[in-house]
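This report concerns only the one structure given below.
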2 protein chains.
Amino acid sequence: MDHLDAARIMAADCLCYRARRAARAITRAYDTALRPIGLQATQVTLLNAIALGPESTRSMGQLAEIMALEISTLTRNLRPLERAGVIAISRSATDRRVRLVRLTETGKTRLAAALPHWRRAHAEITATLGDEPARDLRIALDHATQTMKAAERSPCSGT
Amino acid sequence: MDHLDAARIMAADCLCYRARRAARAITRAYDTALRPIGLQATQVTLLNAIALGPESTRSMGQLAEIMALEISTLTRNLRPLERAGVIAISRSATDRRVRLVRLTETGKTRLAAALPHWRRAHAEITATLGDEPARDLRIALDHATQTMKAAERSPCSGT
DNA sequence: AGAAATAACTTGCATATACAAGTTAATCCG
DNA sequence: CGGATTAACTTGTATATGCAAGTTATTTCT
């Protein structure tokens with residue numbers, strides 16, 4: 001079993017390769033469409049998750065959980081959004097360890113303004129993929145995220 | 001249509017959100033399994049693509065095309081691999097603009113050594129997802145990458 | 001109440017990713 | 001042949017991502 005066999009086997013089956021490659025291609029398409037409003041796809045996604053919280057507010061822990069994102073990554077991803085004034089971060093009054101991320105009025109406006117651009121990207125991509133494959137992809141991705149998250153939490157499968 | 005409606009719509013359907021979230025979860029699992037050999041999943045993926053070229057060599061342009069990756073990203077992703085001595089970069093003799101990326105002997109050894117760890121990750125993940133959903137995901141991701149790449153190249157759908 | 005453990009983050013460090021602008025080499029064309 | 005164009009990268013700048021280690025606040029336990 002030399003390196004060529006190994007490479008053949010891994011390249012033929014690797015889900016990480018495929019998931020990342022597809023994510024790159026899809027992200028580029030959304031980013032292009034969102035360019036006019038000056039927000040990246042990942043940023044709009046974060047704003048969505050914040051907006052859907054009570055009072056358009058989420059704790060960092062909740063956000064990390066929702067996004068399946070390391071909290072340390074979240075800390076930094078929020079920085080440009082805070083600088084842009086679309087979110088504000090404060091400490092919880094009831095538990096001062098907790099940081100609450102809130103959508104500002106500016107943020108609400110920007111998010112509402114993002115929708116038509118997002119729609120355009122979404123329409124373009126589903127047209128490119130085809131309706132059926134797009135739905136299949138969506139379902140497969142959701143299933144993967146859910147089961148992987150569950151597995152991370154379970155003690156026995158870790159490493 | 002306020003920001004809340006917008007957030008609901010986008011969160012409910014966004015493929016970018018889902019693709020990136022799933023890619024993160026999957027990547028974490030592969031990275032964990034590959035830890036012992038000191039290579040990340042993305043790096044092993046790159047090495048695979050190089051290994052499968054003639055003489056275990058690829059030009060940067062070929063690599064970027066295969067990986068659906070910006071060539072500027074590729075330049076930097078190759079850096080740590082070069083530093084680690086698993087690849088070597090040289091100029092093509094026939095076209096001195098072209099950079100040829102070659103797997104070194106060390107690289108071949110490391111890649112072969114990665115296989116069992118990769119297998120472990122792959123087995124764990126397919127077990128977590130289930131065989132059928134894992135295959136569906138793989139097919140959906142490949143289809144997405146292929147069609148998106150084709151669309152990027154076609155002149156009319158761009159932006 | 002006070003020490004120990006835990007929870008929720010932040011920071012340090014390293015890699016991953018992309019667009020725009022710059023560089024070098026090949027090709028095209030008058 | 002020589003200027004203009006194109007091709008293949010690299011660099012500058014900024015965001016995205018994760019692990020390990022550090023910080024601050026709460027909880028637990030004696």
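Naming: A, B, ... by sequence-line order, numbering from 1 per chain.
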For DNA chain C, which nucleotides open and close the run of contacts to chain A, 5' to 3', at under 4.0 angstrom from a non-hydrogen atom?
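Nucleotide range in contact with chain A: C/dA7 to C/dA20.
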Can you measure [X] atom [atom1] to [N] atom [atom2] for me and round it to whole angstrom units?
{"X": "A/Met148", "N": "D/dG18", "atom1": "CE", "atom2": "P", "answer": "12 Å"}
{"X": "B/Arg35", "N": "D/dG18", "atom1": "CZ", "atom2": "P", "answer": "12 Å"}
{"X": "A/Leu69", "N": "D/dG18", "atom1": "CG", "atom2": "C1'", "answer": "9 Å"}
{"X": "B/Ile71", "N": "D/dT11", "atom1": "CD1", "atom2": "C1'", "answer": "13 Å"}
{"X": "B/Ile26", "N": "D/dT17", "atom1": "CD1", "atom2": "P", "answer": "14 Å"}
{"X": "B/Glu65", "N": "D/dA7", "atom1": "CD", "atom2": "P", "answer": "15 Å"}
{"X": "B/Leu100", "N": "D/dT10", "atom1": "CG", "atom2": "C1'", "answer": "16 Å"}

When you measure from the centre of the six-membered ring of B/Tyr30, is the NZ or CZ of B/Arg28 closer than 6.0 Å and no more than 45° off the axis?
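No - B/Arg28 does not lie over the ring of B/Tyr30 by the 6.0 Å and 45° rule.
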Using the six-membered ring of A/Tyr17, assess whether NZ or CZ of A/Arg21 lies under 6.0 Å from its centre and within 45 degrees of the ring axis.
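Yes - A/Arg21 lies over the ring of A/Tyr17, closer than 6.0 Å to its centre and within 45° of its axis.
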What's B/Arg21 touching, base or sugar-phosphate or nothing? Going by heavy atoms closer than 4.0 Å.
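Touches nothing.
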Less than 4.0 angstrom from a charged side-chain N to a carboxylate O is my criterion; do A/Glu105 and A/Lys108 meet it?
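Yes, A/Glu105 and A/Lys108 are salt-bridged.
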Under 3.5 Å, is there a donor-acceptor pair linking the side chains of A/Arg120 and A/His117?
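Checked: A/Arg120/A/His117 side chains pair up, N/O donor to acceptor below 3.5 Å.
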Would you confirm whether A/Gln146, through its side chain, and A/His143, through its main-chain N or O, come within 3.5 Å as a donor-acceptor pair?
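Not at all, since once roles are kept as given, no pair shorter than 3.5 Å links the two residues.
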Closer than 3.5 angstrom, by distance alone: can the side chain of A/Arg58 be matched with the main-chain N or O of A/Arg102 as a donor-acceptor pair?
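No.
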In the single-linkage hydrophobic clustering (I, L, V, M, F, W, Y; side-chain heavy atoms under 4.5 Å), do A/Ile71 and A/Leu47 co-cluster?
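Yes, it is one cluster - the side chains of A/Ile71 and A/Leu47 are joined through contacts under 4.5 Å.
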Please work out which residues in residues 72-92 of chain A have a non-hydrogen atom less than 4.0 Å from an atom of DNA chain C and list them by number.
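Heavy-atom cutoff 4.0 Å gives A/Ser72, A/Thr75, A/Arg76, A/Arg79.
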